[in-house]
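As structure tokens, the structure follows; a few thoughts come after it.
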Number of protein chains: 2
Amino acid sequence: MEGIGKEIMYSVFRMQKALYRLVREDAARVGITEVQLMILYTLLKKENIRLNDLAEKLNLSNSNVSGTVDRLVSAGLVARETSKQDRRAVVLSLTDRGRQAIQEAFNHESVLRKRLKRIEETFKEEEILQYLSIQQKMKDILLGEE
Amino acid sequence: MEGIGKEIMYSVFRMQKALYRLVREDAARVGITEVQLMILYTLLKKENIRLNDLAEKLNLSNSNVSGTVDRLVSAGLVARETSKQDRRAVVLSLTDRGRQAIQEAFNHESVLRKRLKRIEETFKEEEILQYLSIQQKMKDILLGEE
DNA sequence: TAGAAATAGTTTCAATACGAATTATTTCTA
DNA sequence: TAGAAATAATTCGTATTGAAACTATTTCTA
């Protein structure tokens, strides 16, 4: 817990908060929450995904995703139906309103998009790749997967 | 939302999850939660801190910290008293049991500590500093503080 | 092939998490 | 110096969060 290791931890927490804040801003603009937005985005990129896969992609527990999907279904943004291949499984997809919501969230007004673009313009690509590579390795060490 | 910006976002989320998991493990060993542990740690490093400053250091809302401190006070790990200088403010400090808990959480059994140490051993110091520097700059861009 | 094990989701529970409204106090300013 | 504005916490309401227990279904295996 001493020295530079602690710095890494605090730095990651701050970075994550900053990102989350922007996601929340975009989400609030269309009247949903951060996690709901991320779920819609994931569904936009890959329709007919299972709840488990969704949870894994977002790094969330599936109890969590299960509840959040509940609210999205109630709000009429996501459709949930039992898989025909595996009746234990649930398959999720966007409704038209859901598609509309996600597109509106990430339209030209999206602050997250603007800022991410600015990051891409500020750093050399190889710097970013270097950053991602180090972070990936650190994460593997943390998870005991080196 | 496209390209490498999205990668940065997902990478940070994964890294943060990995760190949080280890903090949770240490916290569970002494019967408290992640956030409670981080509060105790912050109090260990700086006694007699105000709730506001604590929230800022941890990047949490003070409504959140207020509630969590409640639980820590109930558990007898933290003492809360009104500041003599400013009667609006609350000053927090560790109780003996609180000090004991935090030291036990980060003793030689701490997985977080071991893994952070392994990270320090794996990377060259300048690599880590480079990583921290890029992350700091990215965060500032995200917050619009370049 | 019957029972065990594994898998997919849901439910439950306690603890975050944060914005907004509120209370109490302090500081500012006309 | 009285009222306004600012500051420090708390309270409230809603939405995550994840572990654990549970149900339902599928797959494995003796």
Side-chain angles (χ1 to χ4, degrees), chain A residues 13-14 16-25 27-40 48-75 77-92, chain B residues 13-14 16-25 27-40 48-75 77-92:
Chain A
F13 287 170
R14 283 191 297 265
Q16 198 260 0
K17 281 282 153 107
L19 279 167
Y20 232 65
R21 200 158 298 168
L22 294 178
V23 176
R24 182 178 309 135
E25 207 170 305
R29 208 154 28 74
V30 296
I32 59 178
T33 66
E34 315 90 286
V35 180
Q36 291 179 3
L37 182 59
M38 293 205 290
I39 288 179
L40 293 187
N48 301 315
I49 191 174
R50 288 169 168 218
L51 193 141
N52 246 359
D53 299 335
L54 183 58
E56 175 151 6
K57 228 179 191 64
L58 295 177
N59 240 302
L60 299 172
S61 69
N62 58 3
S63 67
N64 181 357
V65 172
S66 181
T68 305
V69 164
D70 256 1
R71 274 167 235 117
L72 285 170
V73 171
S74 300
L77 302 176
V78 164
R80 170 168 48 184
E81 55 178 330
T82 312
S83 164
K84 285 178 181 60
Q85 289 86 49
D86 184 343
R87 300 185 22 180
R88 291 169 303 183
V90 152
V91 174
L92 304 170
Chain B
F13 286 170
R14 283 192 297 266
Q16 198 259 1
K17 282 282 154 104
L19 279 167
Y20 233 66
R21 200 157 297 169
L22 294 178
V23 176
R24 180 178 312 134
E25 209 170 304
R29 208 154 27 76
V30 296
I32 60 178
T33 66
E34 316 89 284
V35 180
Q36 292 179 4
L37 182 59
M38 294 206 289
I39 288 179
L40 293 187
N48 300 316
I49 191 174
R50 289 170 168 216
L51 193 141
N52 246 358
D53 299 335
L54 181 59
E56 176 151 6
K57 229 180 192 67
L58 295 176
N59 242 302
L60 299 173
S61 69
N62 57 3
S63 67
N64 181 359
V65 172
S66 182
T68 305
V69 165
D70 256 1
R71 274 165 236 119
L72 285 169
V73 171
S74 300
L77 302 177
V78 164
R80 169 168 50 185
E81 57 178 330
T82 313
S83 163
K84 285 179 180 59
Q85 290 85 51
D86 183 344
R87 300 187 21 183
R88 291 169 302 184
V90 152
V91 173
L92 303 170

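Proteins get letters first, then strands, A, B, ... in listed order; numbering begins at 1 in each. This is a predicted model, so every value here is computed, not measured.
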Exercise. Of all heavy-atom pairs between A:Ser66 and A:Leu51, which one has the smallest distance, and what is that distance?
Worked result: CA-CD1, 3.9 Å
For this session: Run the numbers on A:Leu92 and A:Ile39 for side chain to side chain contact (heavy atoms under 4.5 Å, CB included), then give the verdict.
Result: CA-CA 10 Å; A:Leu92 304 170; A:Ile39 288 179; 5.8 Å; no
Exercise. More than 12 heavy atoms of other residues, nucleotides or ligands under 6.0 Å from NZ of B:Lys17: is that the case?
Worked result: yes
Problem set entry | Which residues share a side chain to side chain donor-acceptor pair (under 3.5 Å) with B:Arg50, sequence neighbours left out | none
For this session: Specify the separation, in whole Å, of atom CG of B:Leu58 and atom P of C:dA15.
Result: 18 Å
Problem set entry | For A:Arg80, all residues meeting salt bridge (Lys or Arg N to Asp or Glu O under 4.0 Å), sequence neighbours excluded | A:Asp70
Exercise. Is the phosphate of C:dA17, meaning OP1 or OP2, less than 4.0 Å from a side-chain N or O of A:Lys17?
Worked result: no
Exercise. Please give, in whole Å, the distance from C:dA14 P to B:Asp70 CG?
Worked result: 17 Å
Problem set entry | Partner residues of B:Glu34 under the side chain to side chain contact (heavy atoms under 4.5 Å, CB included) criterion, sequence neighbours left out | B:Tyr20, B:Val23, B:Arg24
Seminar exercise, completed: For A:Arg88, the salt bridge (Lys or Arg N to Asp or Glu O under 4.0 Å) test, sequence neighbours excluded, returns A:Asp86
Problem set entry | DNA chain D contacts among residues 81-89 of chain A, heavy-atom distance under 4.0 Å | A:Asp86, A:Arg87, A:Arg88
Exercise. Of all of residues 30-39 of chain A, which get a heavy atom below 4.0 angstrom from DNA chain C, listed by number?
Worked result: none
For this session: State, with a plain yes or no, whether a side-chain heavy atom of A:Gln16 is found less than 4.5 Å away from one of A:Leu19.
Result: no
For this session: Please list, chain by chain and in numerical order, all residues satisfying side chain to side chain contact (heavy atoms under 4.5 Å, CB included) with A:Glu56, sequence neighbours excluded.
Result: none
For this session: Provide the start and end nucleotides, 5' to 3', of the part of DNA chain D that has atoms under 4.0 Å from heavy atoms of chain A.
Result: D:dA15 to D:dT26
For this session: Would you mind reading off the distance between A:Asn52 atom CG and C:dG9 atom P, rounded to a whole angstrom?
Result: 5 Å
Problem set entry | Distance in angstrom units between B:Asn64 CG and C:dG19 C1', rounded | 12 Å
For this session: Output all residues satisfying side chain to side chain donor-acceptor pair (under 3.5 Å) with B:Thr33, sequence neighbours left out; order by chain, then residue number.
Result: none
Problem set entry | Gap between atoms CG and P, on B:Asn62 and C:dG19 respectively (whole Å) | 10 Å
Exercise. Hey, which of these two, B:Tyr20 or A:Asp53, hits DNA chain C nearer its 5' end, going by closest nucleotide?
Worked result: A:Asp53
For this session: With sequence neighbours excluded, tell me which residues meet side chain to side chain donor-acceptor pair (under 3.5 Å) with A:Asp53.
Result: none
For this session: Just grab all the salt bridge (charged side-chain N to carboxylate O under 4.0 Å, His left out) pairs involving residues 59-69 of chain A, residues at least two apart or on different chains.
Result: none
Exercise. Is B:Ser63 touching bases, backbone alone, or none of the nucleic acid, heavy atoms closer than 4.0 Å?
Worked result: base
Problem set entry | Whole-Å distance separating the CZ atom of A:Arg24 from the C1' atom of C:dC18 | 6 Å
Exercise. Does a nitrogen or oxygen in the side chain of A:Arg50 sit under 4.0 Å from OP1 or OP2 of C:dT7?
Worked result: no
Exercise. If we only count heavy atoms from C-beta on, is the B:Val65 to B:Lys57 side-chain gap below 4.5 Å?
Worked result: no
Exercise. So what is the 5' to 3' dot-bracket string for DNA chain D, if pairs are Watson-Crick or G-U wobble with both distances under 3.5 Å, crossing pairs use [ ] and | means the partner sits on another strand?
Worked result: ||||||||||||||||||||||||||||||
Exercise. Hey, does B:Arg80 reach any base, or is it just sugar-phosphate, or nothing, if we go heavy atoms under 4.0 Å?
Worked result: sugar-phosphate
For this session: Can you measure from CG (B:Asn64) to CG (B:Leu58) and round to the nearest 0.5 angstrom?
Result: 9.5 Å
